[in-house]
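Bear in mind the structure is a predicted one, so any value in this text is a computation, not a measurement. Naming: A, B, ... by sequence-line order, numbering from 1 per chain.
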Amino acid sequence: MQYNHIEIEKKWQKYWEENQTFKASNTSEKPKYYVLDMFPYPSGAGLHVGHPLGYIASDIYARYKRHKGFNVLHPQGYDSFGLPAEQYAIQTGQHPAKTTEENIKTYRRQLDRVGFSFDWSREVRTSNPEYYKWTQWIFIQLFNSWYNKDADKAEDISVLEKIFKKEGNTTVNAVCEDEIKSFSAEEWKAFSKAEQEAVLLQYRLTFLSDTEVNWCPALGTVLANDEIVNGVSERGGHPVVRKKMTQWSMRISAYAQRLLDGLETIDWPQPLKDSQTNWIGKSVGAMVSFDVAGDLENTTSEVKLSYKELEALKELRQNLSKAETTLWNEIKNKKGASKFRKKYTVGTFLVDYVCLAKNLIVEFSGKEDEAVRTAFFNNEGFNVIRFTNEEVIQNVVKVVSEINFAIQFPKVQKTESKKKITSSAVEKSFKIDVFTTRPDTIFGVSFMTLAPEHELVSKITTDAQKAAVEAYISATSKRSERDRMADVKTISGAFTGAYALHPFSGKQIPIWIGDYVLANYGTGAVMAVPCGDQRDYDFAKHFDIDIPNIFENVDISEAAHADKDGTKIANSDFLSGLKYKKALKLAIFELEKKGAGYGKINYRLRDAVFSRQRYWGEPFPVYYKDGMPQMIDEKHLPIVLPEVEKYLPTEDGKPPLGNATEWAWDSRGKKVVSNEKLKNKTVYPLELNTMPGWAGSSYYFNRYMDPHNENEIASKENLEYWKEVDLYIGGSEHATGHLLYARFWQKFLFDKGIVPVDEFAKKLINQGMILGTSAFVNVINGFAYKTENESGFWRIKTPIVVSDKKELTQKEILALLKKSKAKLEKGQDKYAELLKLKDGLIVSVELLKKHVNVMFVNSSDELDVQEFRNDSLNVEYKKAIFITESDDTFKVSREVEKMSKSKYNVVNPDAICEEYGADSLRLFEMFLGPLEQAKPWKTSGISGVSSFLKKLWKLYHNEDTFEVSKEKPTADELKVLHKTIKKVEEDIESFSFNTSVSTFMIAVNELTALKCNKRAILEPLAILVSPYAPHIAEELWSLLGNKDSISTADFPVFEASHLVESSKTYPVSFNGKMRFTMDLSLDLSKDEIEETVMAHEKTQAQLQGRTPKKVIIVPGKIINIVG
RNA sequence: GCUCGAGUGGCGGAAUUGGUAGACGCGCUGGAUUCAAAAUCCAGUUCUUUCGGGAGUGUGGGUUCGAUUCCCACCUCGAGUACCA
């Protein structure tokens, strides 16, 4: 019986489907294991051989785990919402649902051919209403939640409302919009319903806001930052502009720190973790306020403490009394302007708590000099309130609410007395806030730079500078975002004429504007420290601004000095002589004391825009009442995507859903109704945007656990049983998209008690890309020529295609020219005259490299010229002249590129399965190289694994009949088997699939050499091979007389006793270079080995009479003779 | 620029608690079989050589009895990211 892969593979694929072999149970005695692939977007092009790589790896692991006695969940589905289907719908008018359905069918057929052990009963599709019902449901949960920083988790919005009702918002420590007005409980109650809604919206985890978005006019939609590559849309390469729109956003920034922390707990590739870390972009530093000159408020008399005194203070701060601790716990988490400090100095007095920005001091009563203190504090502009220990311990809530009251209604006007003195000098005062990671270099500030778009620019610019500034702004606004990004070399800017005041020295600092400062990062303004930052340095040099040096023993004549460690600060008042870390802390401390700044952590991570102006996505479960968004009740989900006539945006610029005629919410009937009913009082317009591509993929791994549950995302029991993905395999391109958003949603769902773990995937592996090996032919396009009188260019009429290695002589070229009827560029047929000219006429030959379809090229890089000519895509080459090598073959040149249709290097897995079989495809994809690595595909290599399978088959057969012997295996045979078990097990556990394929080859080669056909060897061997080549393994398994699928068999157990050796072939090295080997018994002692080796004739020959200085012997490993 | 990763035959790659560099496969060369081809089987295949041997894992140093493996500097390639204050 011949090995017939087509029959065998068909047979077993059918068997698996009919017997539901890989259906996972939600209850089992066995330990669970969840293996997941990133589900595919079903594109119209179908699969190429690169796609299944990760699926094969995960399938091998899943099958292996089944052999190892695990209850394995290995599902698959489709991420079936997306732009390509919509683009196709716009072009053809076909409904995206229809094309998506067709594409899925193709995908499924292709996947099935490879023989995956997916549990298809759990398939999910993100575009199915039964699925996106839960996407909408999660959206509602996010809307109904806020992030409580004190608890460091998301909580229900009703909790927040209760707090507002009771004490207003001043005690709330939430992640929310930056500038929220504070209000008391009374004020809250006085708000209208709409006002309350507007306030709550500022706290919700998904919220509407006017955001500047990346608008792509060609696609008629908003793109996420990661959908833009080099300033144009990733899909289609259309230009992108910035535009303000009202959009749904996700408050992912609330989770920035936890997303960072979580990385420590998961086994993901370091590069992927690094890119998430960079993406989140945490920087620790300070916000610093600079007063614009004219406002002389900063002349407060300030008593500074030495660093030593400050250290003592720090200690004091850590040893608080019970009452002190109680109160501190209540007020410590206030942020921004309401932030409190404990054990602080004001003047020479030590106060218990102080809120610098609100000029409020809170103290425990009973201090000696209370009257003096109060007088001094009031004089300094502070309000003081005092409590007794008992008050705090007995009713801290009351104390806190008094403090809140004092914050909101300050009694003393801080600078009243001083304002009188300075009022003549200033009409108006401004502050410039900057974020800096280097507050320690604050004494190196010699100018400030604002982004040209900064709102203060117009207000502070002096009349004298007005023209220059306006000219600069209009010049930069003409440059597109892209130009600005691309061109980092040109230094440009303008002086505003205004000055800021240094918070410590009081010096006047010129304020400039410059486009190297980005409006949308930080505050859109920087304090420039030219000695420590290269951009500031370049700017200062260019505009001849002072560059003060504040580093000890550092030369800054050539470039800025950005090094932090190992440099001491100098010329910096109280910071002089300190190293970076201490200087940083002290600078922040002093800034806070002055009220000129505070320590701040800044993240690069922006809140994620969640609205898309597209049709083919999840509709929002949202309608608008009086302009405020309202959630549709959970029990009416899903809100199904409406039918539209056109998939384009409407003529008045509304998203495609604006074309729907049935898209209004009947709040009484609780259903979607015709837009005509909008006249009714109880019918409201529905949201026209849809959700982005990442919505559906951010929780699908949970849905697989219980995919048909109509009442929950998944039942508590199932979630509790499967918990998380144990192994997740997919591409690294999702590092800052899907993988970040999915972690964010998982953490949110965890906070809400919906899922049991806050990281969804324990281990993740990125499979590398399989690259195509493109084939090229050289096409002669034309010749440049030159004579005494004229020169010009001939274009070829009949294409001339030249084999890769062939070199042509001038004579040959002239002959070709004649044959091809070359035409003069201008159109005159002059080739006859040309031929009359002498040799040496042709100056150069213009060669074009043309991709040829790899289908027409064999393994020796020879092109099938006839096939190539006849291909419908190559009509222009039908009559082309082909110049072959001397042996009449035509060779192509090769290059490794990304696999893509346009490069004609796509290899279809169907063709491979047809010719070599799925088992060969699986083995070969693994054999190509390490899973994580990018590697080129070369179909010719597949013959190696294909003949391996034939050899394997032969082991179980005598000529054409199946035949295995019952005889006891020999020691050698057992050794081969157990060596293989050990290596394969180690390799699978470490995901080194390529080396286990070679281990199989070695085993089969050795067993063939031993002529082994013993059942005791071949039966376990079939199990070892089965994760990789499941079809042939099943067939052999059933030929061996087994009734059940091989997937139910236990993995063979390795026994070390079979590998014990009695002797070893020692390498004998001289000075570390291996020269010869010798067989020695492993029983020999070191001395005996040395004796034997030294007596050996080759040793003597190597030494040539010298006496070795030293002989190193590692028993069982090596002998090294030195000398 | 920054961050990360990688450099080993003609090609894909193997070998790291430091211990025989090039496993396994492709390709290539020669042979067997065949009328011939495919398939199959056998032998060879890092370079160099005066056939004793010598050199060799991007380059240059270092540690070591011994380095593809560890350390330092540099070069090249790839990926990500970018005026992030």
Side-chain angles (χ1 to χ4, degrees), chain A residues 269-279 281-283 285 434-438 441 448-449 451 484-491 514-518 520-529 532-536 538-539 562 602-604 732-733 735-736 766 768-769 773 859-861 894 896 923-924 927-930 932-948 950-951 954 992 994-1003 1005 1064-1077 1101-1102 1108-1114 1116-1123:
Chain A
Q270 197 54 45
L272 196 153
K273 287 187 182 183
D274 289 343
S275 74
Q276 289 208 348
T277 306
N278 291 339
W279 192 261
K282 179 180 180 175
S283 38
V434 301
F435 175 74
T436 176
T437 53
R438 297 293 305 272
T441 62
M448 302 193 68
T449 316
R484 241 174 99 170
M485 298 261 240
D487 175 23
V488 296
K489 298 253 158 57
T490 318
I491 295 162
D515 69 359
Y516 79 97
V517 176
L518 302 176
N520 48 14
Y521 181 78
T523 61
V526 300
M527 58 175 229
V529 183
D533 182 287
Q534 194 57 43
R535 290 156 304 170
D536 296 343
D538 294 340
F539 196 86
N602 216 30
Y603 295 95
R604 198 184 80 111
S732 56
E733 67 273 20
T736 53
N766 288 130
M769 209 190 313
T773 312
S859 58
S860 311
D861 292 346
R894 294 282 201 164
V896 172
L923 282 168
F924 187 52
F927 190 57
L928 281 175
E932 293 95 330
Q933 199 175 300
K935 52 233 160 212
W937 174 275
K938 258 177 112 180
T939 303
S940 59
I942 205 168
S943 63
V945 293
S946 171
S947 62
F948 157 74
K950 284 180 204 156
K951 282 187 216 163
K954 266 192 177 166
S992 176
N994 54 327
T995 50
S996 41
V997 177
S998 58
T999 305
F1000 290 138
M1001 289 173 170
I1002 293 167
N1005 289 346
K1064 154 93 188 167
T1065 307
Y1066 277 95
V1068 183
S1069 325
F1070 291 80
N1071 296 320
K1073 295 269 173 216
M1074 205 283 287
R1075 290 304 176 228
F1076 61 92
T1077 60
Q1102 279 289 334
K1109 286 191 195 123
K1110 211 176 183 182
V1111 179
I1112 287 161
I1113 292 163
V1114 184
K1117 286 227 157 147
I1118 197 176
I1119 298 160
N1120 190 17
I1121 298 167
V1122 188

Return the nucleotide paired to [N]: Watson-Crick means purine N1 to pyrimidine N3 with N6-O4 or O6-N4, wobble means G-U with N1-O2 and O6-N3, both under 3.5 Å.
| N | value |
| --- | --- |
| U46(B) | A55(B) |
| C24(B) | G12(B) |
| A67(B) | none |
| A6(B) | U76(B) |
| A85(B) | none |
| U40(B) | A32(B) |

Rounded distance in Å between the [atom1] positions of [N] and [M]:
| N | M | atom1 | result |
| --- | --- | --- | --- |
| G62(B) | G18(B) | C1' | 15 Å |
| A37(B) | G12(B) | P | 31 Å |
| G56(B) | G9(B) | C1' | 11 Å |
| G27(B) | U46(B) | C1' | 15 Å |

Taking the side chain of [X] as its heavy atoms from C-beta onward, which of [options] lies nearest to it?
| X | options | result |
| --- | --- | --- |
| Ile1112(A) | C83(B), G19(B), C26(B) | G19(B) |
| Arg604(A) | C83(B), C24(B), U81(B) | U81(B) |
| Asn1005(A) | A85(B), G25(B), C83(B) | G25(B) |
| Phe927(A) | G12(B), U20(B), A23(B) | G12(B) |
| Val1114(A) | A82(B), G19(B), G13(B) | G19(B) |
| Arg535(A) | A14(B), C84(B), C4(B) | C84(B) |
| Pro936(A) | G12(B), U81(B), G25(B) | G12(B) |
| Met1001(A) | G13(B), G25(B), C65(B) | G25(B) |

How is [X] classified with respect to the nucleic acid when contacts are heavy atoms under 4.0 Å: base, sugar-phosphate, or nothing?
| X | result |
| --- | --- |
| Thr449(A) | nothing |
| Ser1069(A) | nothing |
| Leu928(A) | sugar-phosphate |
| Ser732(A) | nothing |
| Asn602(A) | nothing |
| Lys951(A) | sugar-phosphate |
| Gln270(A) | nothing |

**Asked** Does Asp274(A) get its side chain close enough to the base of C4(B), under 3.5 Å, for a donor-acceptor pair?
**Response**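 Donor-acceptor pair under 3.5 Å: no.
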**Asked** Mapping Pro930(A) and Arg1075(A) to their closest nucleotides on RNA chain B, which lands nearer the 5' end?
**Response**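 Here Pro930(A) is the residue nearer the 5' end.
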**Prompt:** Between Asn1120(A) and Met1074(A), which is nearer to the 5' end of RNA chain B once each is assigned its nearest nucleotide?
**Reply:**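 In this pair, the answer is Met1074(A).
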Can you find a pair of side-chain heavy atoms, one from [X] and one from [Y], that are under 4.5 Å apart?
| X | Y | result |
| --- | --- | --- |
| Val997(A) | Asn994(A) | no |
| Trp937(A) | Phe924(A) | yes |
| Met1074(A) | Ile1118(A) | no |
| Met448(A) | Val434(A) | yes |

**Asked** Mind checking whether Tyr516(A) and Phe539(A) have parallel, tilted or perpendicular rings, split at 30° and 60°?
**Response**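 Ring orientation, 0 to 90° scale: tilted.
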**Message:** Quick check on G13(B): syn or anti? Syn means the glycosidic torsion is within 90 degrees of zero.
**Reply:**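 Glycosidic conformation of G13(B): anti.
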**Prompt:** How would you label the glycosidic angle of G12(B): syn (within 90° of 0) or anti?
**Reply:**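 What G12(B) shows is an anti base, its glycosidic angle lying more than 90° from 0.
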**Asked** Taking Asn1120(A) for the side chain and Gly1072(A) for the main chain, is one N or O donor matched with an acceptor at less than 3.5 Å?
**Response**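 Yes, the answer is positive, given that a donor and an acceptor are paired below the 3.5 Å cut-off.
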**Message:** Would Met1001(A) and Val945(A) count as a side-chain contact (heavy atoms from CB on, under 4.5 Å) here? Give the steps.
**Reply:** CA-CA 8 Å; Met1001(A) 289 173 170; Val945(A) 293; 3.7 Å; yes
**Side-chain N,O (Asn278(A)) to OP1/OP2 (C4(B)) below 4.0 Å** =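 Looking at the OP1 and OP2 atoms of C4(B), neither is under 4.0 Å from any side-chain N or O of Asn278(A).
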